[in-house]
Structures are given as C-alpha cells and as structure tokens.
Amino acid sequence: MAKLASRFRGSLIGALIGDCFGAQFEFLPMAITASKVVDFVTVLEKKKPEKRKESLYFTDDTEMREGVEESLLEKKGFDKKDMATRFAERYFVSPPKRSYGSHVPNVFMAWKRSDYENIDTPAMSQFNFTGSYGNGGGMRIAPAALFTHHQSPEKLKELSDKITKLTHTHILGIHGAYLQALSVWLALKAEESQFSTKEFVDQLKEKMKFYEDEYSNREENKDKNLDSEESHCYLHKLDIIKSFLDRKDVSNEEVVKELGHGVSSQSSIPTAVYAFLRSVEDTKTIPNRNGFERTIIYAISLDGDTDTIATMAGAIAGAFWGEESIPKSWQECCQGLDTAEKTAKSLYQYVTEQ
Ligand code: 8NA
Ligand code: MG
Ligand code: MG
Ligand code: MG
C-alpha cells in the first residue's frame, strides 16, 4: 500500500499530468481514441530526457490549483481575500495559453476593480445571477482534500464550498466540486488490497444524497420546483456509474451520452470519478499499463474537456496508487512538476504536524 506522503505527491502530480497531457488533445479536430492517446504517450516516453523535460505546458486547472495550495499553506486555512488575490494576479500575469473558462476572468477583473475588497458579489452575478456551474471549482479542489486529510468529510465540505464559491456559486458547481474533493479524500485513505469500487461509490452517494436532500428541502428552494434530476443530479450520476461498473462493454459513446465530457461540473466531474473507478476494474482494454496510466489514457480518450477531466481523474488515481505509480518520464514532461512536489511535501508536513 502506497505511503501517505507518496499519495500526497501522487495526487498533485497526477492532477498536473492530467492537465498537461489532456491539454494536448483539446480542440483536436479528429476523434480521440485510447490507442491515439497511447501513441502520444509512447512518443513522449521515447524522447531523450532533455527533449522531454518540461515540454508540456499546464493550463488554468494547474494555475488555479497552485493558487489554492499557496494560500492554504501561507494562511494555514481559508482566507477569502488572499486566495482571490492569488487567483486573479496569477491570471493577469499568465500566458494566454492557460485557456481559462470564458466567463471566469470577469470575476477576476471585478475583484481587481474593487481593490480586492468586494470578493462575494462578482461570482454571484455571473450568468444572470444564477452563478457558474463550470468545472472550474472541481478542477482546482484536490489540495482541499489533502489539507483536511486529518479532519472529517464535513470539514472538507466547508473548505471545498468556500474555495469553490469564490468563482462558482451555482449549486451544481458547489456540489460537483465537493464530489471531486471527497473522491480524492477517500482515495487517500483507501487500501488497494481491500478496495471495492461499489463501496467507494456508495460512500460518495451517502454524502451527496445528504447534501442534495438538504439543498432541495431548504425553505427558499421549495418554490423553485427543482426536478429530481436537477436537485439530485450527482446522486443520479453515481447510480449510472454503479450500473456501468457492473458491465464490461460500456462504450465511450455511452459514457459521453450518460455522464458527459463538457465544461460544466455536472457533465465532467462524475465522468472523472468513473474514469478512475473503471481503471481499477478494467485492466484489459488498455493493456500493459498500470492503474494510474490507464486512468489518464482513458480519461483523455473520452474527448471533450480533456485537460480538466484528466486532471480530476489524475488527482484521484494519484491519491490512490501513489507517486511511485506515475512514470518518471511522464512527470518530467510537465511544467510545474517542482512546484507540485514541493507543495505536496509541505501539505504532508502541515497535516502530520496537526
Ligand atoms: P466558467 O465559469 O467561465 O464556466 C465555463 C462555461 O460553463 C461557461 O463559459 C459557460 O459556457 C458554462 N456555464 C457555467 N455556468 C453556467 C450557467 N449558470 N448558465 C449557462 N452556462 C454556464 O469557467 P470555469 O473556470 O468553470 O471553466 C472551466 C473550464 O474552462 C475548464 O475546462 C478549463 O480548462 C476551461 N477551458 C475549457 C475548454 C474546453 O472547451 N474544453 C477550453 C478552454 C478552457
Ligand atoms: Mg476535441
Ligand atoms: Mg484547462
Ligand atoms: Mg478544461
């Protein structure tokens, strides 16, 4: 069983690899298949180390994840103004290829205009005051699971909500980010030899049901007439994941149709969770690759928002299998490796000293 320090490194490096590898496939005009992704990684693996080193850039997923980590460590907890300032200032200096979501920069600009005094209103006013349900909350949330490793899932929920709501206030964005955070949190604690994918889904279902019930039962939401597919969206998707895990023949088309591969939380976060769980179960479809490698290759093969789905799946898989499962040749390709390694060590130290 991978040691905890290795799982911390695995989670952040796994997230980085998902982003850097996945970003190479965004906007490709051709259909992506697992064998095309395998070809891509094989070329990288065969490159000379000096050619490989930092040859792949990271995108907004990593830029924002680093902002979360820096702020949590510096402030020893959540500090609204500090984290918001880091998100925005990183955006203002980052190269254009970091490809942020199309609306989230409006939040950064509004914060800056207020000299970082008004943090709450800009995110709430997005999308005609419904708030964003983009997957920008989930893509950066893994460090919250590491930070609260020694605490309860309820503490994780509190932290996940605060980090997400800075930019994403739609309930589907908030619940989605928690689903991703909880998946990483549980994967850090899971024992490979006794691991059951179904029990993992049941643990996720129990918590998501609690929070989705709580939201739909709240007095102010009762007159919204939320249909159950919307109000219990994640519970519903977790049931689909469970039914997929019972079968050996689930095609990429069916996964995309039922779980999605888009930029919304609801169409990408359950997909990332499934990519990890399927890679535990299915050792044959992508042969000669370990569980971490299968997770990344499979997540990207689903096409769509490849960097973000792979970054979320990679954070869970790295937490489960640990850093030793991630080929060194893959790690070396990524810009941001040193930061991920250093931050994982600092978070581990922080948690074990508590
Ligand atoms: P965001 O908050 O701008 O949301 C992303 C998108 O989701 C928006 O542009 C809208 O299209 C849609 N959306 C969100 N909330 C609503 C709503 N309430 N009503 C209608 N539409 C809504 O940005 P984000 O930080 O959530 O974005 C994350 C994604 O964008 C990540 O995948 C990230 O990598 C980036 N990105 C994605 C792509 C892609 O298309 N694959 C390309 C470049 C960048
Ligand atoms: Mg494409
Ligand atoms: Mg991105
Ligand atoms: Mg993306």
Side-chain angles (χ1 to χ4, degrees), residues 14-32 56-68 83-84 86-88 90-91 94-111 121-142 160 163-181 224 226 230 233 256 259-272 275 296 299-315 334-336:
L16 177 68
I17 285 175
D19 181 18
C20 292
F21 282 38
Q24 303 301 310
F25 290 85
E26 260 192 327
F27 306 124
L28 282 191
M30 60 180 196
I32 304 172
L56 304 180
Y57 57 86
F58 61 75
T59 76
D60 56 337
D61 307 63
T62 301
E63 190 80 63
M64 295 196 82
R65 195 203 77 232
E66 288 182 356
V68 170
M83 199 176 284
R86 285 175 203 271
F87 283 168
R90 280 172 162 270
Y91 168 76
S94 71
K97 66 185 175 192
R98 297 285 191 240
S99 14
Y100 279 78
S102 57
H103 289 65
V104 73
N106 298 332
V107 176
F108 303 147
M109 287 184 269
W111 286 340
T121 332
M124 290 192 286
S125 55
Q126 293 279 75
F127 300 97
N128 213 7
F129 292 90
T130 60
S132 176
Y133 52 58
N135 55 21
M139 75 186 183
R140 63 178 187 241
I141 208 65
S160 170
I163 295 171
T164 303
K165 282 179 189 169
L166 285 172
T167 50
H168 290 66
T169 60
H170 194 291
I171 193 65
L172 292 174
I174 295 168
H175 282 168
Y178 180 60
L179 174 61
Q180 168 63 15
K224 283 188 188 161
L226 298 169
E230 195 186 357
C233 161
V256 171
L259 298 179
H261 64 179
V263 297
S264 71
S265 298
Q266 60 275 31
S267 70
S268 59
I269 295 173
T271 313
I296 296 289
I300 297 174
S301 80
L302 292 170
D303 210 340
D305 192 0
T306 44
D307 63 337
T308 303
I309 295 174
T311 207
M312 296 189 291
C334 301
Q335 287 177 2

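If you read the sequence from its start, that first residue is 1, and numbering goes on from there. Read the numbers this way: they start at 1 and go in the same order the structure lists the ligands and their atoms. Keep in mind it's a predicted model, so treat the numbers as computed, not measured.
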Inset, instruction - Could you list the atoms of ligand 1 found under 4.0 angstrom from a heavy atom of Thr308? - result: 31 (C), 32 (O), 33 (C), 34 (O)
Inset, instruction - To the nearest 0.5 angstrom, please state how far the CE atom of Met312 sits from the CG atom of Leu179. - result: 9.0 Å
Inset, instruction - Output the list of atoms in ligand 1 that are nearer than 4.0 Å to some heavy atom of Thr130, sorted by atom number. - result: 18 (N)
Legend entry - Leu172 side chain reached by Ser264 side chain, heavy atoms, under 4.5 Å: no
Inset, instruction - Mark yes or no for whether His261, through its side chain, and Asp303, through its backbone, hold a donor-acceptor pair below 3.5 Å. - result: yes
Inset, instruction - Specify side chain, backbone, both or neither for Asp305, according to which of its non-hydrogen atoms lie closer than 4.0 Å to ligand 1. - result: both
Legend entry - Residue Asp60, metal the Mg ion (ligand 4), N/O/S under 2.8 Å: no
Legend entry - Distance-only N or O hit between ligand 1 and Val263, under 3.5 Å: no
Inset, instruction - Report yes or no: does Ser99 have an N/O/S atom closer than 2.8 Å to the Mg ion (ligand 3)? - result: no
Inset, instruction - Please report which non-hydrogen protein atom sits nearest to atom 30 (O) of ligand 1, along with the residue it belongs to and the distance in Å to one decimal place. - result: Gly101 CA, 3.3 Å
Legend entry - side-chain contact (heavy atoms from CB on, under 4.5 Å) partner of Arg140, chosen from Asn135, Asp61, Val68, Thr62: Val68
Inset, instruction - Confirm or rule out an N/O/S atom of Glu26, from backbone or side chain, lying less than 2.8 Å from the Mg ion (ligand 3). - result: no
Inset, instruction - Look at ligand 1 and say whether Thr59 reaches it with a heavy atom at a distance under 4.0 Å. - result: no
Inset, instruction - Measure the spacing between CE of Met64 and CE of Met83 and express it to the nearest 0.5 Å. - result: 9.5 Å
Inset, instruction - Considering heavy atoms of the protein only, find what lies nearest to atom 41 (N) of ligand 1 and give residue, atom and distance to 0.1 Å. - result: Glu26 OE2, 2.8 Å
Inset, instruction - Taking both backbone and side-chain atoms into account, decide whether Asp61 has an N/O/S atom under 2.8 Å from the Mg ion (ligand 3). - result: yes
Legend entry - Sub-4.0 Å atoms of ligand 1 with respect to non-hydrogen atoms of Ser99: 35 (C), 36 (N), 43 (C), 44 (C)
Inset, instruction - List the closest protein heavy-atom neighbour of atom 28 (C) of ligand 1: residue, atom name, distance to the nearest 0.1 Å. - result: Asn135 OD1, 3.0 Å
Inset, instruction - Of all the heavy-atom pairs spanning Gln180 and Gly138, show the shortest one and how long it is. - result: CG-O, 3.5 Å
Legend entry - Three-point angle Asp305:OD1, the Mg ion (ligand 4), Asp307:OD1, rounded to the nearest 10°: 80°
Inset, instruction - Look at ligand 1 and say whether Gln126 reaches it with a heavy atom at a distance under 4.0 Å. - result: no
Inset, instruction - Would you check if Pro122 and Phe108 make a side-chain contact, meaning some heavy-atom pair closer than 4.5 Å? - result: no
Inset, instruction - To the nearest 0.5 Å, tell me how far Thr308 OG1 sits from Asp60 CG. - result: 6.0 Å
Inset, instruction - State whether Met139 contributes an N/O/S atom found under 2.8 Å from the Mg ion (ligand 4). - result: no
Inset, instruction - Taking Thr306 for its side chain and Gly22 for its backbone only, find out whether a donor-acceptor pair lies under 3.5 Å. - result: yes
Legend entry - Which residue and heavy atom of the protein sit nearest atom 9 (O) of ligand 1, plus the separation: Ser102 OG, 2.5 Å
Legend entry - Atoms in ligand 1 with a heavy atom of Ser132 nearer than 4.0 Å: 1 (P), 2 (O), 4 (O), 14 (C), 15 (N)
Inset, instruction - Would you mind listing which atoms of ligand 1 come within a distance below 4.0 Å of any non-hydrogen atom of Gly134? - result: 4 (O), 14 (C), 15 (N), 26 (O)
Inset, instruction - Using heavy-atom distances, let me know which of Phe25, Phe127, Tyr100 sits nearest atom 10 (C) of ligand 1. - result: Phe127
Inset, instruction - Tell me which part of Asp307 gets within contact of ligand 1: side chain, backbone, both or neither, using heavy atoms under 4.0 Å. - result: side chain
Inset, instruction - Using non-hydrogen atoms of the residue, decide whether Ala23 is closer than 4.0 angstrom to ligand 1. - result: no
Legend entry - Backbone N/O of His103 and side chain of Gln126: donor-acceptor pair under 3.5 Å: yes
Legend entry - Closest protein heavy atom (residue, atom, distance) for atom 15 (N) of ligand 1: Tyr133 N, 2.9 Å
Inset, instruction - Say whether, by atom type as modelled, one donor and one acceptor occur between the side chain of Thr311 and the main chain of Gly18 under 3.5 angstrom. - result: no
Legend entry - Whether Ser99 side chain and Lys97 backbone form a donor-acceptor pair below 3.5 Å: yes
Inset, instruction - Would you mind checking which non-hydrogen protein atom is closest to atom 18 (N) of ligand 1, with the distance to 0.1 Å? - result: Gly131 O, 2.9 Å
Legend entry - Separation between CD of Gln266 and OG1 of Thr271, rounded to the nearest 0.5 Å: 10.5 Å
Inset, instruction - Under 4.0 Å, heavy atoms only, figure out whether ligand 1 is touched by the backbone of Asp60, its side chain, both or neither. - result: side chain
Legend entry - Contact atoms of ligand 1, heavy-atom distance to Gly136 under 4.0 Å: 24 (P), 25 (O), 26 (O), 28 (C)
Inset, instruction - Select one of side chain, backbone, both or neither to describe which atoms of Asp61 lie under 4.0 Å from any atom of ligand 1, heavy atoms only. - result: side chain
Legend entry - Beyond-backbone contact of Phe127 with Ser132, side-chain heavy atoms, under 4.5 angstrom: yes
Inset, instruction - Describe, in one word, how the ring planes of His170 and Tyr133 are oriented to each other, choosing from parallel (under 30°), tilted (30 to 60°) and perpendicular (over 60°). - result: perpendicular
Inset, instruction - Going by heavy-atom distance to atom 24 (P) of ligand 1, choose the closest among His103, His168, Met312. - result: His168
Inset, instruction - Please examine the side chains of Ile174 and Tyr178, heavy atoms only from C-beta on, and report whether any two atoms are closer than 4.5 Å. - result: no
